[in-house]
Protein chains: 2
Amino acid sequence: MLYIRELMSSSKPAKAKTQANLSQYSQTKRQQIVDGAIRVFLKYGYADTSMNRVAEESGVIKQTIYSHFSDKEGLFRAIIETLTLEHFRNEFGDNLSFEESPDVVLRRIGTVFMQRKDDPSYIALMRTVIGESARFPELARLYVNTVIGPAKQALSAYFAAQKQLQISEPEATARIYCGSIVSYIMTQEVLHGNEIIPFDSERFLNTLIAMVLGQKK
Amino acid sequence: MLYIRELMSSSKPAKAKTQANLSQYSQTKRQQIVDGAIRVFLKYGYADTSMNRVAEESGVIKQTIYSHFSDKEGLFRAIIETLTLEHFRNEFGDNLSFEESPDVVLRRIGTVFMQRKDDPSYIALMRTVIGESARFPELARLYVNTVIGPAKQALSAYFAAQKQLQISEPEATARIYCGSIVSYIMTQEVLHGNEIIPFDSERFLNTLIAMVLGQKK
DNA sequence: GTCTATAACCAGATAGAC
DNA sequence: GTCTATCTGGTTATAGAC
């Protein structure tokens, strides 16, 4: 449980600094920059996006960007967190409980995960990170460190803690669970497979959950 | 079984035409073009690769390319087939038998699949197809039609035929099986996760097979 | 008849000129 | 801002060499 909790609170580090009266305004500016950066980065790619362009698109001057973010990579990190972790935080809030049955817990996690397929920005993020992973390996590592690693770690810990499931390989199981969903989104949405080989996402999720729980559904 | 068989023989259509004495030479030229095209396309991407560049890299004249391939997209199709289907054909030859136990069959298929992770060209292909899937949706659809669709179809048919496995959702199961492996390769190799969150590929495969067979290993 | 060499056609993008 | 001029890149055509 610790893992999910700390995963959930790892973002939005700027707010801690800017306390009191100006925090709200500052948060808005930050949001404004991130929103503009998302549009620019995910349209033109990491290399072809200049900080000037981001400033223009966000309606701020460059110096404002650098007062909120350390550098170009730091800004991109904020984009990653906004489009991935923040979505989970918004969906679960602070009441993600592991007390319910594994069936329910896994379905909820899987469903929130699966919802990302309908967010064009998330699809574009996958395209960008993967597409630029040769020219910008640091960006890919950032994604692994920020998103994939923590998610795998949290789910893995959950599987290990649920003794009644008798899962001898929690980490591999966690990878299979997340990886299957990512691949589904990759095939259907990123690669436009939904037009060619459609398959209902809920049906997919049901089969996956049953398989993980060893029910041979 | 039909599906795998026709999947295996779908490529290399050019050889049938050029029979007799000059076939070998012609085949070499074709191979020569594909080899050069792989280097160029996977380095610079689809858009930034001109047919002039391919001709230069391959050491042939443009017209020669067009005598072997219909157009730029047809050439890229040959690249896809070379780096995916052809590998399977080379590994299995004509003796892919489904008579053995599902455990053995699944492990062999999974292992051959997993071997792709060590081919830099395959990794680059994934980057290119996904990275360009917004600007060139036709390329992505080509990949789905040529690789993902047939693979899923073949494995799905196998699961459906193996009654003793009692798999009520063969297509979803096939997607999970292939998708998990693809995601593993994506995380570890494409996104450089092997340096950050290493995990043994055989251990991963063992867990996946056990899960599909409902053994709760 | 396959490969080479060169040129030409055509669509889309870019860049100045007015 | 339109209108050229030019360039680029995919594609096709023509001629000659083995």
Side-chain angles (χ1 to χ4, degrees), chain A residues 36-37 39-57 59 120 124 127-128 130-132 134-136 190-192 195-196, chain B residues 9-86 121 124-147:
Chain A
R39 288 194 294 275
V40 182
F41 272 111
L42 300 188
K43 179 170 182 183
Y44 300 105
Y46 190 79
D48 294 343
T49 293
S50 68
M51 292 300 261
N52 282 321
R53 190 84 180 74
V54 174
E56 191 182 331
E57 179 75 25
R127 286 194 179 111
T128 302
I130 293 171
E132 310 254 46
R135 279 197 298 178
F136 298 96
V190 178
L191 297 182
H192 312 98
E195 311 154 5
I196 303 166
Chain B
S9 57
S10 69
S11 193
K12 279 187 186 167
K15 198 165 186 176
K17 286 187 203 165
T18 59
Q19 288 178 335
N21 48 359
L22 67 152
S23 72
Q24 192 181 13
Y25 181 65
S26 191
Q27 184 60 29
T28 300
K29 264 301 182 230
R30 185 194 150 90
Q31 196 63 47
Q32 186 180 333
I33 294 168
V34 171
D35 287 347
I38 286 177
R39 288 194 294 275
V40 182
F41 272 112
L42 300 188
K43 180 171 180 182
Y44 300 105
Y46 189 79
D48 294 343
T49 293
S50 69
M51 294 300 261
N52 281 321
R53 192 86 178 73
V54 175
E56 193 182 331
E57 179 75 25
S58 303
V60 301
I61 209 74
K62 255 199 293 188
Q63 199 47 251
T64 308
I65 300 179
Y66 280 100
S67 71
H68 284 276
F69 306 95
S70 58
D71 52 12
K72 193 178 181 182
E73 196 176 307
L75 176 56
F76 197 82
R77 173 185 289 112
I79 291 179
I80 291 177
E81 291 176 345
T82 298
L83 295 177
T84 56
L85 306 184
E86 198 163 281
S121 293
L125 178 69
M126 294 183 77
R127 286 195 180 110
T128 301
V129 172
I130 293 171
E132 311 255 47
S133 58
R135 278 197 299 177
F136 298 95
E138 283 315 314
L139 234 58
R141 294 195 187 95
L142 181 62
Y143 191 82
V144 172
N145 273 319
T146 310
V147 183

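Lettering follows sequence order; numbering is per chain, from 1. All values reported here derive from a predicted model rather than from experimental measurement.
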Check your understanding: For B/I61 and D/dT11, what is the distance between atoms CD1 and C1' respectively, to the nearest whole Å?
Key -> 14 Å

Exercise for review: Round to a whole Å and report the spacing from CD of B/E56 to P of C/dT4.
Suggested key: 14 Å

Revision key, fill the gap. Whichever of B/Q63 and B/N52 has the more 5' nearest nucleotide on DNA chain D, that residue is B/N52

Review point. Rounding to a whole Å, what distance do you find between B/F69:CZ and D/dT11:C1'?
Key: 16 Å

**Study point:** Rounded interatomic separation in angstrom, taking OH from B/Y66 and P from D/dT12
**Key:** 7 Å

**Study point:** Residue met sooner reading DNA chain C from 5', once B/S67 and B/K62 are mapped to nucleotides
**Key:** B/S67

Review point. What's the shortest heavy-atom distance between B/V129 and B/A140, and which atoms?
Key: CG1-CA, 4.1 Å

Point to revise | Spacing of B/E73 atom CD relative to D/dT11 atom C1', expressed in whole Å | key: 14 Å

Practice item. Check for a donor-acceptor pair, side chain of B/E57 on one end and backbone N or O of B/G36 on the other, with a separation under 3.5 Å. Key: no

**Study point:** N or O in side chain of B/T64 less than 4.0 angstrom from C/dT4 OP1/OP2
**Key:** yes

Check your understanding: Quick one: does NZ or CZ of B/K72 land under 6.0 Å from the six-membered ring centre of B/Y46, within 45 degrees of the ring axis?
Key -> yes

Check your understanding: Which whole-number value in Å describes the distance from B/K29 NZ to D/dC18 P?
Key -> 15 Å

Check your understanding: Would you say C/dC3 has OP1 or OP2 under 4.0 Å from some side-chain N or O of B/H68?
Key -> yes

Point to revise | d(CZ, B/R135; C1', C/dG12) in whole Å | key: 14 Å

**Study point:** Separation of atom OH in B/Y46 from atom P in D/dG10, rounded to whole Å
**Key:** 8 Å

Check your understanding: Would you say the side chains of A/R127 and B/S133 form a donor-acceptor pair under 3.5 Å?
Key -> yes

